[in-house]
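All chains are named by letter (A, B, ...) in the order of the sequence lines, taking the proteins before the strands, and each is independently numbered beginning at 1.
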Amino acid sequence: MTSLRLYNTLTRHLDEFVPGEPGKVKMYTCGPTVYARAHIGNFRTFMFSDLLRRYLAYKGYDVFWVMNITDIDDKTIKGAHAEGIPLRDYTSRYAEAFFNDCKTLNITPADLYPRATEHIEDMVHLVEELKTKGIAYEAEGSYYYKIGAFPAYGKFARLNMKEMMVGERVASDEYEKEDIRDFALWKGYEAEDGDVFWETSIGKGRPGWHIECSAMSLRYLGEDFDIHLGGVDLIFPHHQNEIAQTEGATGKRLARYWVHSEHLLIDGGKMSKSLNNFYTLDDLLEKGWKPREIRFALLAGHYRQRTNFSINSLEAVRASLARLDSCVRNQELATGSGAGQEVKDIIALRETEFQMAMDDDLNYPEALAAVFNLVRDLNKTCADGGIGPEERAIAMAALRRFDSVLGFLFSDEMETCVVCDDIEINSLVRQRDEARAAKNWAEADRIRDSLAEQGIVLEDRPGGMTVWRRK
RNA sequence: GGCGCCGUGGCCAAGUGGUUAAGGCGGAGGUCUGCAAAACCUCUAUUCAGCGGUUCGAAUCCGCUCGGCGCCUCCA
């Protein structure tokens, strides 16, 4: 098998992926801030981490995946206070919703979901370490990162700090900072924080945004781990600051590969909570879209390419999945005599194409083309009677293998007579078969039409078998 | 002001220097079928926003123009 190449934001090149420890991959994804329901744009990023995780596992790597839960920041505090409930209760509600959404979308669970509030000590130690090294300083109970003490600051994000435009948000921010571009590591307690604070060796307060990822990735993945993932909008400031913090404190590289996925657009623009132009998973489920249809749609397009999301695209997805479903059904129901080596050959060819595409910086669209070509090849072989019991087992195993990466080929939603024995429907199908045997076409069509009204589609297969499925 | 991305058939979307420009959706015709459904077959971009340049050769490299968009301390 060829090796995987990934576009590394660190080098801005396509780099061959070589894990730090042979056969093992340690990866970290910047997870959600649990102050509201995540929208499908957020899920595109998590879906991409899942795709990479699945493909690494497909290639035989033992993957250890950590995704943090940000449960302490301005918005979570504001939300909890607005409802007058403890921060933990407020954030748990959205964390649970997030886990449910991931499950619905068939996103592989991460091995660990550390919460920021459960790692305050680690963050405090990191701040102390930075202070000892003269990289952090205290001002009015808060601690700031002195970017002037980290010469490489700005390099990762390719920002020239001298020519940076200082926006209003920065200018209006904490004026006690030595340099307006310094960022908060620890925020000293203020009355508006209410009951949200920690009494620590560096004082009473709460952590800044970036320090949690430095602390938690260091704790669970160590120094210089393999892959760090996130959305492109995190390149600056979040990931730049993580690097400054971790590398400033440890003197070691934070991670070797940084992979960023592009945004999901809506109406040609960025989907974001602040613009209120987004769909949540529930919005789409309520409109009748199936989880796997949404998964397929969110996966569409290369991860480094912005992708426009539209209901229109879901319509096309539904038709594409129907094609994939019928291929699976064709294999399951094949009654051919077998073509032997031919089936192995076409699977080997398409699987090689699939791997070559995925190895090329996860070129998912091209990999999907290989899947559809396999579908055509298998359907054809099937129609030619080339799929017997042995070939069926080989074909199904191959489809399962592809699905370990894709996650939408097989699902409980694929309900046909093969996997579901609905007595009422089966009885009607039998009555129709009897009518057909008697060449009573009017009666046969009447039964088929009435089933169609219930969304049941019949297929008369060669050999006299009739199968049904829900539309 | 700085950094950067995109423009490929009716729609979505790969390809980024060299065989006939993947694949999906949609559309047209055909095979199969009692009729369907599904599947299969054929067709559906002489051309890659426009103009110039480099080259034996460009959708792919360079320049300009037009159009759309992202980041520059809330952000997936």
Side-chain angles (χ1 to χ4, degrees), chain A residues 29-33 35 38-49 73-75 154 157-167 169-171 173 180-184 209-210 229-238 240-241 260-265 268-275 296-297 300-302 304-308 310 312-313 315-327 329-330 333 353 357 363-373 375-376 378-380 382-384 436 439-441 444-445 448-449 452 457-462 466-469 471:
Chain A
T29 298
C30 283
T33 300
Y35 73 100
H39 59 64
I40 57 169
N42 300 127
F43 282 111
R44 187 192 189 200
T45 296
F46 305 130
M47 192 80 86
F48 171 68
S49 286
D73 81 321
D74 292 355
K75 285 179 221 158
R158 305 278 153 124
L159 288 177
N160 184 333
M161 298 313 288
K162 290 198 181 77
E163 291 174 13
M164 236 176 79
M165 189 171 80
V166 176
R169 276 178 293 186
V170 184
D173 211 1
I180 205 148
R181 298 163 306 176
D182 290 348
F183 61 93
W209 171 34
H210 319 292
L229 297 120
V232 283
D233 53 346
L234 295 185
I235 293 173
F236 192 85
H238 189 55
Q240 175 63 77
N241 290 353
H260 293 95
S261 51
E262 259 295 350
H263 283 142
L264 193 65
L265 307 182
K270 182 174 166 178
M271 182 182 293
S272 74
K273 288 174 187 162
S274 51
L275 293 173
F296 191 107
H302 187 89
R304 282 196 288 121
Q305 209 64 48
R306 288 178 199 131
T307 297
N308 203 39
S310 69
N312 217 26
S313 65
E315 302 280 359
V317 160
R318 183 165 281 180
S320 296
L321 282 170
R323 179 167 163 74
L324 296 173
D325 288 351
S326 76
C327 177
R329 207 162 50 239
N330 286 339
L333 301 171
E353 289 174 355
N363 190 334
Y364 173 85
E366 204 167 295
L368 192 61
V371 173
F372 276 102
N373 282 329
V375 162
R376 192 193 54 232
L378 285 177
N379 279 337
K380 195 175 176 181
C382 206
D384 294 344
R436 287 173 67 220
K439 297 204 189 302
N440 184 353
W441 309 125
D445 291 351
R448 185 172 62 195
D449 290 347
V457 181
L458 299 186
E459 288 182 23
D460 297 329
R461 305 220 139 225
T466 298
V467 305
W468 62 264
R469 64 189 152 86
K471 198 175 178 182

Using a distance-only test with no angle check, is there a side-chain donor-acceptor pair under 3.5 angstrom linking Asn379(A) and Arg376(A)?
-> no
How far does the C1' atom of rG15(B) sit from the matching atom of rC40(B), given to the nearest Å?
-> 27 Å
Which atom pair, heavy atoms only, marks the closest approach of Phe43(A) to Ala38(A)?
-> CE1-CB, 3.6 Å
What is the nucleic acid contact for Ala369(A), judged by heavy atoms within less than 4.0 Å: base, sugar-phosphate only, or nothing?
-> base
Does Asn42(A) place a side-chain N or O at less than 4.0 Å from the phosphate oxygens OP1/OP2 of rA76(B)?
-> yes
Which heavy atom of Gly41(A) sits nearest a heavy atom of Met271(A), and at what distance?
-> N-SD, 3.6 Å
Using a heavy-atom cut-off of under 4.0 Å over every strand shown, decide if His39(A) touches base, sugar-phosphate, or nothing.
-> base
Would you classify Asn373(A) as touching base, sugar-phosphate or nothing, given that sugar-phosphate means primed atoms plus P, OP1 and OP2, and contacts are heavy atoms under 4.0 Å?
-> sugar-phosphate
Looking only at side-chain N and O atoms, does Ser326(A) come under 4.0 Å of OP1 or OP2 in rA39(B)?
-> yes
rC48(B) and rA22(B): how far apart are their P atoms, nearest whole angstrom?
-> 15 Å
Looking across every strand, which nucleic acid part, if any, lies under 4.0 Å from Arg448(A) by heavy atom: base, sugar-phosphate, or nothing?
-> base
Which value, in whole Å, describes the distance between the P atoms of nucleotides rC69(B) and rC62(B)?
-> 24 Å
Would you indicate what Arg436(A) reaches in the nucleic acid, counting non-hydrogen atoms under 4.0 angstrom: base, sugar-phosphate, or nothing?
-> base
For His302(A) against Arg44(A), the heavy-atom pair lying closest together = O-NH2, 3.0 Å
The answer to which of Ala383(A) and Leu265(A) contacts RNA chain B further toward the 5' end, by nearest nucleotide, is Ala383(A)
Rounded to whole angstrom, note down the C1' distance from rC66(B) over to rG52(B).
-> 15 Å
May I ask you to say what Gly301(A) touches in the nucleic acid, namely base, sugar-phosphate or nothing, with a heavy-atom cut-off under 4.0 Å?
-> sugar-phosphate
With a 4.0 Å cut-off on heavy atoms, is Gln305(A) in touch with a base, just the backbone sugar-phosphate, or nothing at all?
-> sugar-phosphate
Would Val232(A) and His263(A) count as a side-chain contact (heavy atoms from CB on, under 4.5 Å) if you check the C-alpha gap in whole Å, the side-chain angles of each, and the deciding distance to 0.1 Å?
-> CA-CA 7 Å; Val232(A) 283; His263(A) 283 142; 3.8 Å; yes
When all nucleic acid strands are considered with a 4.0 Å heavy-atom cut-off, which category describes Leu234(A): base, sugar-phosphate, or nothing?
-> sugar-phosphate
Nearest nucleotide by nearest heavy atom, which residue falls closer to the 5' end of RNA chain B, Asn241(A) or Pro32(A)?
-> Asn241(A)
Interatomic distance at P, rG4(B) relative to rC43(B), whole Å = 44 Å
Distance below 4.0 Å between Arg323(A) side-chain N/O and rC40(B) OP1 or OP2 = yes
Residue Arg306(A), side-chain heavy atoms: nucleotide from rA76(B), rG4(B), rC25(B) that is nearest = rG4(B)
Give one of base, sugar-phosphate or nothing for Lys75(A), where a contact means two heavy atoms less than 4.0 Å apart.
-> base
Looking across every strand, which nucleic acid part, if any, lies under 4.0 Å from Asn363(A) by heavy atom: base, sugar-phosphate, or nothing?
-> sugar-phosphate
Contact class for Ile235(A) (heavy atom, under 4.0 Å): base, sugar-phosphate, or nothing?
-> nothing
Determine: side-chain N/O of Lys270(A) to OP1/OP2 of rC71(B), distance under 4.0 Å, yes or no.
-> yes
Is there a donor-acceptor contact under 3.5 Å from the side chain of Arg306(A) to the main chain of Lys270(A)?
-> no
